[in-house]
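Quick notes on the structure that follows.
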Amino acid sequence: MRGLLQIAVVVAVLAAVPLVVQSNTTLNFLVVTLLIALAGQGWNILGGYGGQYSFGHAAFFGTGAYVTAILQVRYGVNAWLAFGAGIVLGAAVGGVIGALTFRAGLRGSYFALVSLAFAEVLRIVASVAPITGAGVGTLVKLDLRVEALQFQSRAVFYWVILALVAVSLLVAQRLERTRFGTWLIAVRENEDAAKALGVNATQVKLGAMVISAAITAAAGCFYTQYFLFVDSGIAFGTRMSIEALLTPIIGGAGTVFGPLLGALVVQALGEGAKLVAGDAPGLSLIVYGCVLVLVIAFAPRGLIGLVETIYRRVARPTKREAAHD
Amino acid sequence: MFSPVILITAILNGLLTGAVYALVALGLTLIYGVLHIINFAHGALLSAALFAAFFAFHLLGLDPYLAALLIAPIFFGFGYALQRLIIGPVSHGDDRNMLLVTLGLSVVIENVLLYAFRADTRTIDLPYAFQTIDLGFTFLPIPRLIGFCLVFAVALVLWAIMRRTDVGKAIRAVAKEKLGAQLAGIDVAHIYAITFGLGTACVAIAACLLIPTYYVNPTVGDAFVLIAFTIVVLGGMGSVPGALVGGLLIGVVESLSGLFLGESLGQIGIFLIFIAVLLVRPTGLFGARA
Amino acid sequence: MPDRKSPFTRREFIASSALVGAASLAMPSILRAQGAGVKLGILHPVSGALSYSGTQGRLGATLAIEEINAAGGIKGLGKIDPLLGDALSTPEGGTAEVEKMNSAGVAAIVGGYASAVCLAVSQAASRYDLPYVVDVGVADSIVTRGLKNTFRFGPGFGVIAKTALENLAAINDAAGKPAKTVMIVHEDSLFGSGLAKLLNAQLPAHGFQILETIPHPTPTRDFNNVVLKIKAQNPDLVIPADYYNEYVLLARTMQQQKVKPKGIYSVLGGAASSYKFVKEFPEAAKYIMDCNHWFDPRNPKALALKKKVEDKGQFYTYEVYMNYSCVMLVADALARAGSADRAKLTAALESSTFSGHVMPYGPTKFVNGQNQGAAPVNTQVLDNDIKVVLPANFAQAKPVFPMPA
């Protein structure tokens, strides 16, 4: 139960932030950070635990975002229902893509590229289809009521996204404890060996893909409610795919808190680089890119891995442990 | 619905465009074939090379085709250094890390370009940029025709390097059996860096062929990368002839699907082929290895 | 080329967000007290996909502020202290900057540029009743959402399309109706698609037959097929609505394939009224007409600003003079409000009759946040220069149509 306790403590601490911090600047920063953490946690289920590196998680993010927007704007569906529908349809898209690719036995770079291609196809379709508003995008009406899932206070938005992140943390934590999760990790470590032991690898990967897609889609649904506007570049552009993959990898892929930590660090790094580099266009991103390379150089298992290594060395600095890295 | 004249012209256009795609993909497939990484910095390197070609023309007055002789070796060195000094050591030999490092590098390169040259679009105006050959039913632009021929020349040179030189043999040995090559005394880190350098040189030449009819800004390379990935997959990852044929094929497909579906939706044709190839025959047209 | 939607690139993946705790602590140092003064948020996408336009917009705004401050600032309030923000070409980036600027205590925000950014910024600013002046963003939804704090100084889509059509009909009629058939080539995001839709609906009523409408993505690498279609159908008139890069490629490819329609009439054409394009490709640019944002060529202030910008080695693009005008507009409202109070400033903007700008709009008059006098003008590339040809009261030359062979 140590895992559950950790999650409870982290979520409780985060939930208390708006009680202390009044600054909307900071709250907005945290909302976006948690949004990315949520998208990253989705990726982490499939990529971190399952070892399937997707480069196209924008497919799910975008589906969630568009479904939430379109159902409200075109069909007058209640925002809460639209939000739920976005998650369900995002998971469905995950199911279809997973069924096609995993049945075909695609792994590694091939899976990465095909997932990227699916997201691109969706982006192109969204940029021409009338139902998405084509190039114009879809604008959700500003309507600051609880029924419309829009809130005057940034703090409420913050708690909503925090609740979603909490659920995603629990999902990841459960995954580590269930037979399904064990199978998934076995597939990551050695798919052929797992198969030999009777694990239905395709089925397991497909299941992970659906859960993964649902979580990332939830991030997309939230994006729509928070920014009230979505177009094909925002929804299905490569940017979200890459952020969803980068945060867990930097934080620590295949760990419960990796995506959350990664999102905090990546976002803070972006801001920090801006502060250091000032206004010159590009300079902050140069700093950012350099730090990214440095993180990979010195913390190849992500920051959580780095922390564990340091902890072990400090706590039990035996020769064998030190040699281990 | 379209007259044969239009169809033929569209196919010719596709072949001319596809040749340049092929050259970009050639660099990518070479790197993939040996290092087994998807080089995300490829687009950024293309942008950098386009700037190099632009400034070679503007500051030194060098014709882009001549500039290729200067820029290709420089970029070979640059690519070699990138792999030897940064990508290799930083990634600890882990494929996923290599991928992330190239991602980080692409961010750095693009933004160095943005910082140094700003975001505005630059073009060069060559006296022969608008000259064409009159085929009766259409005009073939001379710069693109030159580009088309040079792509094949480059591919031939590359093929000769791979087949006829010791370095080429070493590269093929490393690609096939890294551990064995190492045991046979081949310096794998050096070969990796050479391969990366060759891939980068391909991009540099592609830039010199593009600049007479295209433009340059810090993000211009991105537009070619997804296409290049598609070609690499279609041709079979790591296959040089595959990249060449794949590039021409994709050029024609893009051209025709643009004609029939419109330029917007037409882009989808490329990705559908891409997905279909991966699902049905992931080794591509020429790939041997899964 | 207003309102480019950003095709997100890897470069932007840091996504830009708001501020870390450390940053909010650092904030007071940015706000270092300068005695009396007014803080003004200047928000543009200076990095990311739209960075060229964003940088140009920032240039215009800062030139205006320098000018105001050199003349002693705003009467009774002191100098303007600009807070420069980077919207990173994304809605998230814009929102985060609004939060920062709000907590820094700005009196108003000017800028936005892209419609998607403007929508996000207006919405975030409305939470604080913070006055926001849109510089370019042409989507009409920006001002039709009923946000009290949002003002658009320039014209929206509806007005631009209407003016473009009327002027086209006028030019064609004056020349004896040589043009009957039309092809439209447009980029497929918000601005191009929106325009194409309006043009398709209204061109037939003016007696034009639309042969084909060709959308294309941004970026498009090759225009040979598009030109091929144009060549095959041989329209009298080609109407492009593209961003700068694609416009240049299209015009060059048309020149290469020797396609010479009777006229090229663009609407918000990316390069058609760009000094840069005319300078770099004088042949391809010849006689191209455009209906676009443009300064008042008879206004000495506009010409002085042009010289200033060109002396800095920059091109005098519409982002520059529109942002210059927007800042001047806010400065005027601040002086009349006599305070940086947001409600008073909003009221002052609502009742603005400002005419000290450099645009051919006449006195400012906002109705529901939209400046009623705002309209595009028609320009044509003549004698290696860009001349206003319509409306008649601003015109420097008569339109040359059809193009001489």
Side-chain angles (χ1 to χ4, degrees), chain A residues 21 23-33 35-36 58 123-124 127-128 133-137 139 141-142 144 152-154 223 226-234 237-243 246 264 266-275 279-285 288-289 292, chain C residues 5-24 26-27 46-49 51 54-55 58 84 86 90-92 95-96 98-104 115-116 119-120 123-124 126-128 139 141 145-147 186-194 197 215 217:
Chain A
V21 179
S23 154
N24 269 338
T25 312
T26 312
L27 281 183
N28 178 58
F29 168 78
L30 289 173
V31 168
V32 175
T33 304
L35 175 82
I36 289 171
R123 186 184 63 75
I124 294 168
S127 73
V128 290
V136 180
L139 182 68
K141 212 169 144 246
L142 184 66
L144 298 174
Q152 174 65 39
S153 158
R154 294 258 188 239
Y223 184 97
Y226 193 68
F227 290 105
L228 302 180
F229 177 73
V230 58
D231 66 21
S232 60
I234 293 170
T238 46
R239 192 186 61 128
M240 194 39 81
S241 295
I242 285 176
E243 262 186 281
L246 217 52
L264 272 169
V266 167
Q267 294 292 315
L269 193 61
E271 279 305 317
K274 243 203 254 178
L275 279 184
D279 264 331
L283 208 54
S284 64
L285 288 174
Y288 177 81
L292 174 62
Chain C
K5 183 197 64 174
S6 74
F8 294 105
T9 61
R10 284 196 305 285
R11 201 144 65 68
E12 298 164 81
F13 67 59
I14 82 151
S16 71
S17 304
L19 201 62
V20 215
S24 15
M27 199 57 99
V46 289
S47 59
S51 50
T55 317
R58 179 183 272 188
L84 303 180
D86 181 2
T90 67
E92 303 96 286
T95 304
V98 172
E99 294 292 353
K100 271 191 226 177
M101 289 175 172
N102 177 59
S103 51
S115 289
L119 285 167
Q123 187 177 302
S126 76
R127 289 170 177 271
Y128 307 112
S141 49
R145 286 204 291 174
L147 299 182
H186 69 92
E187 67 86 44
D188 65 3
S189 81
L190 192 147
F191 119 74
S193 306
K197 207 167 146 192

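Chain A is the first sequence line, chain B the second, and so forth, proteins listed ahead of strands; every chain is numbered from 1. Computation of the quantities below employed the complete heavy-atom set of this structure, encompassing side-chain atoms and omitting hydrogens, waters and symmetry-equivalent molecules.
- The closest side-chain heavy-atom distance from C:Pro215 to A:Val128 is not below 4.5 Å.
- To the nearest 0.5 angstrom, A:Ser232 atom OG is 7.5 Å from C:Asp188 atom CG.
- Of all the listed residues (A:Leu144, A:Leu139, A:Leu27), the one sharing the greatest number of non-hydrogen pairs under 4.5 Å with chain C is A:Leu139.
- No side-chain heavy atom of C:Glu92 sits under 4.5 Å from any side-chain heavy atom of A:Leu35.
- One finds the CZ atom of A:Phe227 at 13.0 Å from the CG atom of C:Leu119 (value rounded to the nearest 0.5 Å).
- To the nearest 0.5 angstrom, A:Lys141 atom NZ is 11.0 Å from C:Arg145 atom CZ.
- In plain terms, the two heavy atoms of C:Ala96 and A:Asn28 that are nearest each other are CA-ND2, 3.3 Å.
- Applying the side-chain hydrogen bond (donor to acceptor under 3.5 Å, both in side chains) criterion to C:Arg127, with sequence neighbours excluded, gives no partner residue.
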Exercise for review: Carefully, step by step, assess A:Asn24 and C:Asn102 under the rule side chain to side chain contact (heavy atoms under 4.5 Å, CB included).
Suggested key: CA-CA 9 Å; A:Asn24 269 338; C:Asn102 177 59; 5.6 Å; no
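- C:Ser103 places no side-chain N or O within donor-acceptor distance of the main-chain N or O of A:Thr25, the cut-off being under 3.5 Å.
- In this structure, CD on C:Gln123 lies 4.0 Å from CG on A:Leu228, to the nearest 0.5 angstrom.
- Using a 4.5 Å heavy-atom threshold, the side chains of A:Tyr223 and C:Pro91 count as touching.
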